[in-house]
Visitor: 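Just dropping this structure here.
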Amino acid sequence: MISTDIAIVGTGGAGLMCALHAFDSAPGCDITLISKGIVGKSGCTRMVQGGYNAVLDPRDSVENHFADTLAGGYWLNDQDLAWTLVNDAPKVINELETRVGCFFDRAPDGTIHQKAFAGQTFDRTVHRGDLTGLEIMGRLRDQMFRIGPRELEDVRALDLLLDDAGEVAGLTALDIRTGKPIVITAKVVVMATGGAATMYKLATPAREKTGDGVAMCYRAGLELRDMEMLQFHPTGLLVGESRLTGALLEEGLRGSGALLLNALGERFMARYDPARMERSTRDVVSRASYLEITEGRGTPAGGVFIDIASVLSTQEIRNRFPGMVDRTQRLGQDLSLGPVEVSPVAHFQMGGVVIDTDCQTSIPGLLVAGEDSGGVHGANRLGGNGVADSTVFGARAGDRAAALLTERHLRRPMPSDISHSIGRAFSVIENEGKEHPVELTRELKELMWRFAGVVRTKQDLEKASSGIEHLIERAKNIGVPGPVEMNPVWQEALDLENQLCAARCLVASALVREESRGSHFRADFPEPDAAWLRSIRVRSGAGGEPIVETVPVVFSRLAPPEASNPPENRP
């Protein structure tokens with residue numbers, strides 16, 4: 001049993017920024033960090049190569065950044081959240097540099113250097129070489145030593161706990177090393193665990209990022225939005241069965257002029273976006289690569305090539321992109337010497353929990369920040385807006401959590417909820433079932449990649465839906481041999497439960513959206529439709545089955561041309 005003021009689930013950029021702001025806003029408050037891995041070294045912020053979008057140049061403006069974000073999101077964004085992002089990003093960059101201690105690359109005149117990224121009308125991406133995430137996370141980790149929160153490492157969150165009035169009371173958790181359950185009561189809980197792209201066969205995120213936060217919030221009754229919007233990054237490395245397949249070659253390559261070539265040597269983006277070519281948005285480039293591969297112009301391994309070596313000198317590539325050069329060299333290739341084989345890979349979940357600009361949810365005392373939340377990015381995220389999202393809304397969650405401490409007290413969780421949560425987690429250990437979670441996870445990844453991937457149809461999505469339901473039934477018969485201590489098979493079973501929940505919500509939402517918008521491409525409805533300027537919402541019904549509704553997008557600040565005289569929105 002642990003009692004704390006603020007429990008933060010997840011220790012990537014959102015979680016650590018939240019802890020820093022909460023402590024500085026309420027010095028002396030008791031903060032508990034719950035990390036499925038190692039604090040500051042798990043999650044995806046540390047994997048960010050490209051950079052951080054922020055308006056710093058007087059020739060740029062937050063209005064331009066806002067317009068780019070809405071256009072990139074195909075106008076599905078929550079505009080208040082997007083406006084908050086672009087307005088807070090410059091302040092947070094200044095804080096990261098002057099208070100947290102980050103060193104960002106400088107231009108010759110001494111100002112912060114900003115580079116080109118796809119989908120943007122101005123070069124506004126702040127970076128530290130191509131290892132920006134390591135810089136930010138390293139310095140945020142240093143700050144944790146200063147503020148001294150309680151750190152629970154190798155501890156996975158299981159379920160949110162509410163009191164009898166429906167307000168947050170804490171959460172259940174599991175110590176992965178010892179196998180012992182933990183009950184954490186808290187005045188405020190902040191969810192910041194990241195998305196669920198690992199449900200796909202080819203995926204970029206850290207292994208521990210399995211949709212835990214979204215699934216926990218869904219089970220607690222919260223509404224999710226835009227779950228069909230799963231971004232595929234166009235340039236993930238292909239290295240066979242290795243877990244390094246999916247590791248990214250970041251967007252700065254294309255911003256610097258890198259070419260995309262099919263197996264015939266054709267610069268194929270001319271067929272899909274002749275105006276922007278390789279600097280088109282991620283959804284367009286991913287779809288173009290996917291179509292090249294499926295139509296027989298890909299490599300034998302199922303990829304295409306990215307080529308920066310024919311554009312920049314070897315030394316310049318090694319100076320500007322040392323992290324990516326090192327990564328490819330370790331895999332027996334060399335980005336600085338010639339083309340490297342890549343493929344679209346599942347990358348980022350734009351959908352998630354419905355929040356307001358202070359990260360508050362409909363459950364009092366529960367805040368959500370970063371990739372667990374939805375609405376900021378709409379139907380497609382711009383490269384460089386992801387780490388900005390994490391740190392901007394992590395900071396806002398920390399400020400709000402500190403403010404809530406003055407009005408909230410510790411609440412009593414429902415004892416039945418505690419026993420149900422812990423009993424469910426341990427049930428696979430006691431079960432004599434014959435299903436193996438690793439095999440079911442493999443089947444889920446294949447299913448999602450094949451039937452709910454880059455290009456979708458109603459027929460394929462229905463196959464994905466029935467396949468997921470079949471896996472949910474089979475998962476009830478999982479049997480895991482002991483011990484409970486350091487049992488990776490048990491952890492795989494718990495990961496699978498959350499991945500199945502996220503996959504179920506994604507496919508249910510994708511079936512409803514009968515148009516193509518952003519990262520959601522329906523081959524049977526290949527064009528965007530102004531009638532679908534609607535957010536798809538999903539919540540848990542009886543037995544956990546998704547209940548799906550649609551809500552019109554509110555154009556609170558800027559309306560798209562296609563909505564100037566829209567047809568009547570259909571349900």
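For the numbers below, each heavy atom of this structure counts, side chains included, while hydrogens, waters and symmetry mates do not.
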Visitor: Return yes if a side-chain donor-acceptor contact under 3.5 Å exists between E371 and H377, otherwise no.
Guide: no
Visitor: Have R124 and Q120 got a donor and an acceptor in their side chains that come within less than 3.5 Å?
Guide: yes
Visitor: Establish, from distance only, whether the side-chain atoms of T121 and N64 form a donor-acceptor pair under 3.5 Å.
Guide: no
Visitor: Whether R128 engages the ring of F104 as a cation-pi pair (distance to the six-membered ring centre under 6.0 angstrom, angle to the ring normal within 45°) should be assessed.
Guide: no
Visitor: Count the heavy atoms of every other residue, nucleotide or ligand shown that sit under 6.0 Å from CZ of R59, and state whether that count exceeds 12.
Guide: no
Visitor: Within the supplied structure, the quantity of interest is the number of heavy atoms (other residues, nucleotides, ligands) at a distance under 6.0 Å from R330 CZ; does it exceed 12?
Guide: no
Visitor: Could you tell me if the ring centre of H233 sits under 6.0 Å from that of F348?
Guide: no
Visitor: Check the pair R411 / E167 against salt bridge (Lys or Arg N to Asp or Glu O under 4.0 Å), numbers first and verdict last.
Guide: CA-CA 8 Å; R411 287 164 164 76; E167 298 197 18; 3.0 Å; yes
Visitor: Within 45° of the ring axis of F426 and under 6.0 Å from its six-membered ring centre, is that where the NZ or CZ of R424 lies?
Guide: no
Visitor: Stepwise, does the salt bridge (Lys or Arg N to Asp or Glu O under 4.0 Å) test hold for D142 with R139?
Guide: CA-CA 5 Å; D142 292 344; R139 303 293 77 77; 3.1 Å; yes
Visitor: For the backbone of G352 and the side chain of S373, can you confirm whether one donor and one acceptor N or O come within less than 3.5 Å of each other?
Guide: no
Visitor: At what distance, to the nearest 0.5 angstrom, does CG of N53 lie from CG of N385?
Guide: 4.5 Å
Visitor: Would R156 and D495 count as a salt bridge (Lys or Arg N to Asp or Glu O under 4.0 Å) if you check the C-alpha gap in whole Å, the side-chain angles of each, and the deciding distance to 0.1 Å?
Guide: CA-CA 10 Å; R156 70 175 303 137; D495 287 341; 2.9 Å; yes
Visitor: Do T198 and Q499 have side-chain N/O donor and acceptor atoms under 3.5 Å apart?
Guide: yes
Visitor: Is the CZ atom of R557 crowded by more than 12 outside heavy atoms at less than 6.0 Å?
Guide: yes
